[in-house]
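No experiment lies behind these values; they were computed from the predicted model shown. Side-chain atoms are counted along with the backbone in the values below, which use heavy atoms only and exclude waters and symmetry mates.
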Amino acid sequence: QVQLVESGGGLVQAGGSLRLSCAASGSTSYINAMGWYRQAPGKQRELVAAITTGGTTNYADSVKGRCTISRDNAKNTVYLQMNSLKPEDTAVYYCNADIAITVFKRLDAWGQGTLVTVSS
């Protein structure tokens with residue numbers, strides 16, 4: 001079992017910054033890639049950023065240049081630094097972990113979400 005707990009969300013003015021954290025616990029040795037998704041009211045959940053164990057990153061076009069994903073493998077924690085925030089960034093942000101138990105068995109773990117509200 002892998003459990004993910006997000007923190008760091010809150011209310012911020014447009015142009016401000018936040019850093020989200022996601023702490024993993026349980027069978028963390030099986031975790032491969034980790035990422036951040038977000039879901040705004042009435043919209044589909046979308047990928048914001050992802051990072052592999054080796055540090056390769058991928059970002060949604062909407063956040064490129066404004067967000068940085070990083071991870072501390074020793075702490076089993078992934079971070080999302082968000083700068084120059086816009087009102088359209090308002091959403092519940094979810095942490096995700098790709099769990100590879102075997103080459104034939106892969107699972108996803110999700111956190112409970114943390115709310116980011118960007119005021120104009």
message: For I31 and N76: C-alpha separation, side-chain torsions, deciding distance, then whether side-chain contact (heavy atoms from CB on, under 4.5 Å) applies.
response: CA-CA 9 Å; I31 297 176; N76 296 311; 5.9 Å; no

- request: Check the pair M34 / C22 against side-chain contact (heavy atoms from CB on, under 4.5 Å), numbers first and verdict last.
  value: CA-CA 10 Å; M34 298 186 72; C22 173; 4.2 Å; yes

task: Run the numbers on T68 and L80 for side-chain contact (heavy atoms from CB on, under 4.5 Å), then give the verdict.
output: CA-CA 6 Å; T68 301; L80 183 67; over 6 Å; no

message: Let's go through W36 and L47 carefully: what are the C-alpha distance in whole Å and the side-chain angles of both, what is the deciding distance for side-chain contact (heavy atoms from CB on, under 4.5 Å) to 0.1 Å, and is it a yes or a no?
response: CA-CA 6 Å; W36 288 94; L47 175 69; over 6 Å; no

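A40 and A91 get closest at one heavy-atom pair: N-CB, 3.7 Å. Shown here for I99 and A109, the closest heavy-atom pair between the two residues is CD1-CB, 3.6 Å. Residues R106 and D98 come closest through the heavy atom pair CD-OD1, 2.7 Å. S84 and S17 make their closest contact through N-OG, 4.3 Å (heavy atoms, listed as atom of the first residue, atom of the second, distance). Y59 and A49 make their closest contact through CD2-CB, 3.5 Å (heavy atoms, listed as atom of the first residue, atom of the second, distance). Contact detail for A24 and L4: the closest heavy-atom pair is CB-CD2, 3.5 Å.
In summary, of the residues considered (T90, L85, L11), a side-chain contact (heavy atoms from CB on, under 4.5 Å) with S119 occurs for L11 alone.
The CD1 atom of I69 sits 11.5 Å away from the CE atom of M82 when rounded to the nearest 0.5 Å. How far CZ of R45 is from CG of N96: 9.0 Å, rounded to the nearest 0.5 Å.
Connection of V118 to V48 is established within a shared hydrophobic cluster, with ILVMFWY side chains joined at heavy-atom distances below 4.5 Å, either directly or through further cluster members. A continuous path of ILVMFWY side-chain contacts below 4.5 Å connects V92 to Y37, so both sit in one hydrophobic cluster. Follow the hydrophobic side-chain contacts under 4.5 Å out from V63 and you reach V12 in the same cluster.
Contact of the Y93 side chain with the Q39 side chain is not registered, since no non-hydrogen atoms from C-beta on lie closer than 4.5 Å. The shortest distance between side-chain heavy atoms of L107 and I101 falls below 4.5 Å. Using a 4.5 Å cut-off on side-chain heavy atoms (C-beta onward), T56 and I51 make no contact. A 4.5 Å side-chain heavy-atom check between K43 and R38 finds every atom pair outside the cut-off. Here the side chains of W110 and Q3 are not in contact, with every heavy-atom distance at 4.5 Å or above.
Every residue two or more places apart in sequence or in another chain that forms a side-chain hydrogen bond (donor to acceptor under 3.5 Å, both in side chains) with D61 is listed here: K64. Residues that satisfy the ring-ring contact (aromatic ring centres under 6.0 Å, His included) test with Y94, not counting sequence neighbours, are absent from this structure.
Panel note: side chain S62, backbone A60; no donor-acceptor pair is recorded below 3.5 Å. Between the side chain of R71 and the backbone N or O of T52 there is at least one donor-acceptor pair closer than 3.5 Å. E6 places a side-chain N or O within 3.5 Å of a backbone atom of G113 that can act as its donor or acceptor partner. Using a distance-only test at 3.5 Å, with no hydrogens or angles considered, a donor-acceptor pair links the side chain of T102 to the main chain of K105. A donor-acceptor pair under 3.5 Å is absent between the side-chain atoms of T77 and the main chain of A23, judged by distance alone.
A cation-pi arrangement is present between R19 and Y79 under the rule of less than 6.0 angstrom and at most 45 degrees off the ring axis.
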